[in-house]
Structures are given as C-alpha cells and as structure tokens.
Number of protein chains: 2
Amino acid sequence: MGQGVEWGAHCCLLIAWLGEEGEAIPTAKLAEAFDLPPAYLNKCLQALSRAGILASTAGVKGGFRLGRPLEKITLLDVVVAIEGSEDAFRCSEIRQNGMGADRSAGEFLRPCGIATAMRRAELTWRRELAAQTLADMMLNVPRDVAMRAKRWYAAVGN
Amino acid sequence: MGQGVEWGAHCCLLIAWLGEEGEAIPTAKLAEAFDLPPAYLNKCLQALSRAGILASTAGVKGGFRLGRPLEKITLLDVVVAIEGSEDAFRCSEIRQNGMGADRSAGEFLRPCGIATAMRRAELTWRRELAAQTLADMMLNVPRDVAMRAKRWYAAVGN
DNA sequence: GCTTTCTTACTCGGATACCTACTGTCCGAGTGGAATAGG
DNA sequence: CCTATTCCACTCGGACAGTAGGTATCCGAGTAAGAAAGC
C-alpha cells in the first residue's frame, strides 16, 4: 500500500484542527508540517478532493478544507480514494487455462474457493476500516497536540 | 498483491491431487496445467518450498510435493510465503517530522490511532485467512474435477 | 543373475533483464484579494 | 468616503521524469534413474 494513505489521513486530521473556522489550508503548509514533498502531497490531496473527502479552493487564501464532517469520513473512504476500490487479490481464473481450457464453461460459473476465501477476508478488512471514522482517530490524540498544532500554524505565518 | 499467491495456492491443490502416492510433480507440468510461465512459476514454488509448505526434489522424477498435509496449510501461510510477512500499511511516523520534530520523544511512545486502526484491520484479515486451510478449499471442488486432473496428468505423459 | 559404475537426461536454484506502477517534480490555468483610480 | 476596475501573487490541477518492486527469462549445479559393464 502506498504512503499516500497515511499522508492523507494525517492531513485530514490536521485540516480539521487548523481549519475550525472554515479557513482553507494550502498544501505547502501541510507539507511543511509533516516534512513531505509538497507537489506529491498535493497529488494525494487531489485524490481525496475528487472523492469528496476534501474540498479545494484556488487563489489566495485558498487550499483544502474538509468536504464533510470528520464523523462521516471512514478510514476505508481514505484508502479507497487514494488506492482505488479494486481488491488486492485479483483472481485471474487460471483454472480455466491449459488443462481446463476445453471444459464446458458451465462448470466455472461460481468462483473458486480460493477467490471466495480471499474476498471474504478482504471484506472483513474493509468492514473493520469502515467502522473507524477520522473522528475516532481524534479521540485518541492528547488535547494539547491539537493546541500546539494551532499555535505552530499561527506562528509560521498566514 | 502479486499473482504468485493465486498460482501457489492452485498449484498446492493440484500437487495434492496428482501426488497422492507421494510422487513429486515438476514445475513444467504445473505450468502446463494452468498455462503459466514455467520459470517464474518455479520462482514462486521456491518461495513456498523455503517456507516449508512444499518440499523440492531434484533430478529425474523430481519436482515438488507437499511439505505438510493440506489441513496444516492455511491461506495465510501461502500469502506470507510469497508476499512476505510485512504489513501492507506501514506507518512512517510522519507526525514526528517537521512540525513535531522538536517534540519530546516520550510523547510518541504509543503508535498513532491511524496506525493502530490499520493494524487492527489487517489483523482481522490475517485471522480470516489463517482460519481457512487448503483442505477447506478442496471441499468446495467437485469430485470429478480432481479425477479429471489425474486423468489429464496420466495422459500427458510422465 | 547380481552388483557396481558410469552416463545422461532431467530438475531445481539463483543470477540476470524487462516492465508496470508508485514516487517525485514542474509549469500553466484560474481565482480571489488587495491596491488603485475614479466618482 | 464608497465603488468599480485592474493587477498580481497565490493556489490547485494535470502533464512530465525517476525509481523500486513485481514479472519474466535463461543457464548452471546437482541428482537420481537407468543403462552398461564386470563379477
């Protein structure tokens, strides 16, 4: 899995802290906050924007703000927005090649047990991620960390 | 996830069908059975062999046989053997960079909520895969498919 | 006929290229604010 | 003083390279079967 997921999730939290008044946070400031490559981080935030998780504003005083409240953003949303919605395990039906090529197609109507088990495992993974919202992530963070982030943002300039 | 997992799992099942007498199945036959690139398939089977899932024999009439009974091979074993045991999501602790670089290290002793949630989701995924053995995969396959595989193997010549 | 040796074909195993996709960078289009000139 | 206009710095957005890891291939080391020769 790519780094963009971690970057995106942390940036959403930071945007929530810094943008409580509805102000937009530019990519440059987020990149500086976490010491990340600004242009590539922007690419990840674009993906979150396309998914509706973030909303982008151009021009001076522009940047990114939350597209919907933190309680309605699950970790699965972030993962899907950046990594795509396709399953990690993709069954290419090799049982239908070679030895089984001349078999009647009706025999392969239902997917093989391996693909089924893999898919079931991934569904539990997705369900677990969908049960965790970014608001839950906030709860596990000490109160003063958010305060210090706001102070840092005020000190670093507009 | 790479294709090797699917290849490895299907090959283990085929090896179990064709090698009931303890005979070893060479890579070439397995590759022919599923129409896969023989050399690369061999590389995947090597990984399974290193993990103890398969046992390799060199020379004439050599090949691969099961390293332990199917009941003791879980899907997680196959995945770990081929893909490695590292988690898909790796936390690089970006919260400690930039803005939080000059923070006292004691504050970051416990992992952040995002990494924790991701790890929990992956653990459920692993648990689900560890609960499914290759023997369970066999049960969901029609009896005559295995028989036809044995007939094919006998017909294609040793 | 049995045993030993030798040959030989066959198999795995790791070292070597290729190619997709994640990572990283750059520059242009567009926007909103602020300064400015006019009323 | 208020308003409309112009300008401009700033931001996002997509198009363009670099690189690591999965994919694919080839050739050599080793082995066990089978043939052949000797007893």
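Numbers restart at 1 for each chain; the letters A, B, ... are given by sequence-line order, proteins then strands.
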Write down the distance between [atom1] ([X]) and [atom2] ([N]), rounded to a whole number of angstrom.
X: Leu41(B); N: dT11(C); atom1: CG; atom2: C1'; result: 14 Å
X: Leu54(A); N: dT11(D); atom1: CG; atom2: P; result: 16 Å
X: Lys61(B); N: dA33(D); atom1: NZ; atom2: P; result: 9 Å
X: Leu45(B); N: dG14(C); atom1: CG; atom2: P; result: 13 Å
X: Ile82(A); N: dA21(C); atom1: CD1; atom2: C1'; result: 16 Å
X: Arg90(B); N: dA20(D); atom1: CZ; atom2: P; result: 13 Å
X: Met1(B); N: dC22(C); atom1: CE; atom2: P; result: 14 Å
X: Lys43(B); N: dA17(C); atom1: NZ; atom2: C1'; result: 12 Å

Residues in residues 30-38 of chain B with a heavy atom under 4.0 Å of DNA chain D, by number, are Pro37(B)

What's the closest nucleotide to the side chain of [X] if the choices are [options]?
X: Gln3(B); options: dC26(D), dT23(D), dT11(D); answer: dT23(D)
X: Val60(A); options: dG33(C), dC12(C), dT25(C); answer: dG33(C)
X: Trp7(B); options: dA24(D), dC12(C), dC12(D); answer: dA24(D)

DNA chain D nearest-nucleotide lookup for Asn42(B) and Glu83(B): closer to the 5′ end is Glu83(B)

Does a nitrogen or oxygen in the side chain of [X] sit under 4.0 Å from OP1 or OP2 of [N]?
X: Tyr40(A); N: dT23(C); result: yes
X: Ser56(A); N: dG13(D); result: yes
X: Arg50(A); N: dG14(D); result: yes
X: Gln46(B); N: dG14(C); result: yes
X: Thr27(A); N: dC12(D); result: yes
X: Ser49(B); N: dC12(C); result: no

* Give the cluster check for Leu123(B) versus Leu76(A): same hydrophobic cluster or not, with ILVMFWY residues linked at side-chain heavy-atom distances below 4.5 Å. => no

Shortest non-hydrogen pair, Ala149(A) vs Leu14(A), comes out as CB-CD1, 4.0 Å

Closest non-hydrogen contact found for Arg65(B) with Ala24(B) is NH2-CB, 3.3 Å

* Asked: Looking at the rings of Tyr153(B) and Trp17(B), which for Trp means the six-membered one, are their centres under 6.0 Å apart?
  -> no

Point to revise | Atom CZ of Arg68(A) with >12 non-hydrogen neighbours under 6.0 angstrom | key: yes

Check against side chain to side chain contact (heavy atoms under 4.5 Å, CB included), Leu54(B) and Leu45(B): CA-CA 8 Å; Leu54(B) 294 181; Leu45(B) 297 180; 3.8 Å; yes

Sequence neighbours excluded, the answer for ring-ring contact (aromatic ring centres under 6.0 Å, His included) partners of Phe34(B) is His10(B)

Only one of Thr74(A), Val79(A), Val78(A) passes side chain to side chain contact (heavy atoms under 4.5 Å, CB included) with Leu129(A), and that residue is Val79(A)

